[in-house]
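Reviewing the structure listed below.
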Amino acid sequence: MTDLVTWAELGGALTAIGGAAYARHAYPAAYWSAVGLPLSVVRLLASYSSTMDACGLTVEPPRWQALAVRATTRREVRPVPPRRGVIRPTTTGLRMRLRLAPGQEPADLTASVERLRHAWGVHAVHVRDVKPGVVELRLIGFDVLRKVRMPRRPDGGPLRIPVALREDATAFVRNYRAVPHELVLGATLSGKSMYLRNLLTGLAAQPVALVGIDCKRGVELAPFAPRLSALATDPDQAAELLPALVKEMEDRYDLIKARQGIAPGTPEELITSDVWGLPEDERPAPIVLFIDEVAELFLVATRKEEERRDEMVTQLIRLAQLGRAAGIYLEVCGQRFGAELGKGATMLRAQLTGRVCHRVNDEASAKMALGDIAPEAVFAACAIAPELPGLAVVGDTSGGWSRIRTPYLSLADAAATCRTTAHLAPDVPALDAFRPHIPPVPVGEPSGPVATGRPVTE
């Protein structure tokens with residue numbers, strides 16, 4: 001009987017271990033809440049002081065504290081770690097604030113995140129500067145980018161689109177007011193189109209004029225035609241659309257000058273205000289220009305096409321340099337974008353503040369996107385595996401960068417969103433001639449988006 005009980009207990013233990021291992025792989029969020037969270041809290045509380053000491057994050061205590069210890073306990077005075085705040089559990093990890101000791105800086109903690117990760121048994125540790133002398137440690141319990149689940153209450157708003165999930169489990173928000181123009185690079189099947197799809201459908205719910213240039217005969221942007229104010233599907237149409245956008249930008253500058261009493265002959269470069277300073281009833285609607293496969297605008301075969309290319313590039317550079325104040329923003333996408341495209345490519349890239357680099361085919365492409373703003377991010381972009389479509393490295397001219405991944409959104413759901421929000425498209429008379437043809441709705445088409453967290457497959 002004893003042997004039977006022993007074998008039964010052993011079988012139950014093995015079953016529990018196997019179930020936990022399966023849950024950790026298949027349901028990481030549930031495993032973290034049930035098992036990982038308690039274990040990590042115990043490890044943190046039990047080893048906090050010794051771990052900080054091993055990482056070199058302790059300092060000598062104040063003199064009054066050292067004297068008090070010697071007078072009352074006669075113990076050896078040991079270095080003290082940063083003072084720890086309350087541990088706050090989350091669905092993806094832990095958060096706690098640390099008050100830095102005199103002489104410490106956030107970079108000291110950043111340099112030790114790998115040691116802290118292993119000591120406390122978590123997937124990653126991130127450091128965020130809260131205020132002078134206080135930082136927040138964000139411990140991530142599992143790989144949140146393997147199965148993307150966007151936060152329930154993302155930080156959205158006008159021209160602020162939660163488009164992807166960061167590796168620290170926060171939402172990556174595309175903020176056009178802060179980063180007006182962006183370059184998105186990625187090889188075929190890297191998830192670049194999925195990023196564009198999420199961004200476009202997020203903007204579709206706002207009173208923003210959406211303009212597209214898709215020289216692949218419109219196969220990427222044509223499904224969103226009901227919500228687009230203008231669409232060009234080949235270089236010839238783009239050569240007509242870009243001057244119209246430049247003329248609209250100039251008209252908006254004239255509106256600003258008239259409102260503020262600036263002389264009509266004042267150059268645009270000398271105007272420091274923008275359309276957001278106008279009264280709401282006089283303010284023109286923002287315009288976001290999406291360019292898919294920008295290299296198609298640069299490729300030429302004849303002298304006539306070369307002249308057309310030079311004109312289009314000049315207009316794009318003008319929009320990138322002056323469009324922000326007029327409420328015109330650029331989202332430039334492609335597989336490569338460097339000097340080999342031709343004259344003006346490097347100058348245009350320099351005006352694109354935001355950078356998103358998906359998986360690329362060579363290191364040179366990653367350097368085109370990130371090398372001039374965050375050189376250390378180039379290696380992270382080159383390490384993206386083909387089986388993780390949608391994973392990207394995002395950076396800006398501040399030098400900061402992080403990994404993100406876009407949630408899955410099917411083309412049918414994105415197109416349905418654009419149809420249901422077509423009435424939100426603002427009236428921009430300058431773009432009426434370029435409004436795309438609206439195809440009939442197929443029978444049985446979904447009427448709205450279905451939010452999922454499946455991996456990106458396009």
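As the structure is a prediction and not an experimental result, all values here were calculated from the model.
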Examine distances only and state if a side-chain atom of [X] and a backbone atom of [Y] form a donor-acceptor pair shorter than 3.5 Å.
X    : Y    : value
R252 : A326 : yes
Q351 : I317 : no
Q104 : A101 : yes
Y48  : P81  : no

Keeping to residues at least two apart or across chains, list the side-chain hydrogen bond (donor to acceptor under 3.5 Å, both in side chains) pairs with something in residues 198-212.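 As it turns out, there is no side-chain hydrogen bond (donor to acceptor under 3.5 Å, both in side chains) pair with a partner in residues 198-212 once direct neighbours are skipped.
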With rounding to the nearest 0.5 angstrom, report the [atom1] to [atom2] distance, [X] to [Y].
X    : Y    : atom1 : atom2 : result
H126 : T170 : NE2   : OG1   : 8.5 Å
E376 : W401 : CD    : CH2   : 7.0 Å
K147 : R149 : NZ    : CZ    : 7.0 Å
I287 : E248 : CD1   : CD    : 5.0 Å
T110 : E105 : OG1   : CD    : 8.5 Å
C333 : Q335 : SG    : CD    : 11.5 Å

[X]: what forms a side-chain hydrogen bond (donor to acceptor under 3.5 Å, both in side chains) with it, not counting sequence neighbours?
X    : result
S112 : none
R166 : S402
R174 : E182, E331
E296 : none

With sequence neighbours left out, which residue pairs that include part of residues 293-324 fulfil the ring-ring contact (aromatic ring centres under 6.0 Å, His included) condition?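 Of all non-adjacent pairs touching residues 293-324, those that pass ring-ring contact (aromatic ring centres under 6.0 Å, His included) are F298-F337.
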Pair D236 + R308: basic N to acidic O under 4.0 Å: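 Result for this pair is yes, salt bridge flagged.
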Kindly determine whether R405 and L165 satisfy side chain to side chain contact (heavy atoms under 4.5 Å, CB included), including the steps that lead there. CA-CA 5 Å; R405 196 176 188 192; L165 185 69; 5.7 Å; no
Apply salt bridge (charged side-chain N to carboxylate O under 4.0 Å, His left out) to [X] and list each qualifying residue two or more places apart in sequence or on a separate chain.
X    : result
E363 : K367
R117 : E114
D129 : none
R403 : E167

Contact summary for F224 and A415, nearest pair of heavy atoms: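 For F224 and A415, the tightest heavy-atom pair comes out as CE2-N, 4.1 Å.
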Heavy-atom pair of closest approach, residues I256 and V275: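 Here I256 and V275 meet closest at CD1-N, 3.7 Å.
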Residue pair [X] / [Y], side-chain heavy-atom distance below 4.5 Å:
X    : Y    : answer
L221 : K216 : no
P226 : R419 : yes
S190 : Y195 : no
Q237 : I213 : no
K192 : E220 : no
Q315 : L245 : no

Report the residue from [options] that forms a side-chain contact (heavy atoms from CB on, under 4.5 Å) with [X].
X    : options          : value
L145 : I140, L388, L391 : L391
L37  : V122, L139, L94  : L94
L242 : T314, L319, V313 : L319

If you apply the rule side chain to side chain contact (heavy atoms under 4.5 Å, CB included), what do you find for W276 with L278, and how did you get there? CA-CA 5 Å; W276 302 104; L278 299 175; over 6 Å; no
With side chain to side chain contact (heavy atoms under 4.5 Å, CB included) as the test, would you mind laying out the steps for M96 and L44 before giving the verdict? CA-CA 11 Å; M96 66 176 179; L44 194 154; 3.7 Å; yes
L100 vs D108, side chain to side chain contact (heavy atoms under 4.5 Å, CB included): CA-CA, chis, key distance, verdict: CA-CA 10 Å; L100 301 178; D108 297 333; over 6 Å; no
Assess whether atom NZ of K247 is packed by more than 12 heavy atoms of other residues, nucleotides or ligands within 6.0 Å.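 Atom NZ in K247 is not crowded, with 12 or fewer foreign heavy atoms closer than 6.0 Å.
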Does any pair with a residue in residues 131-144 pass salt bridge (Lys or Arg N to Asp or Glu O under 4.0 Å), and if so which ones, sequence neighbours excluded?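 Sorted pair list: R128-E136, E136-R138.
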For Y329, ring pair (Phe, Tyr, Trp, His ring centres under 6.0 Å) partners two or more places apart: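 Applying ring pair (Phe, Tyr, Trp, His ring centres under 6.0 Å) to Y329 gives Y176.
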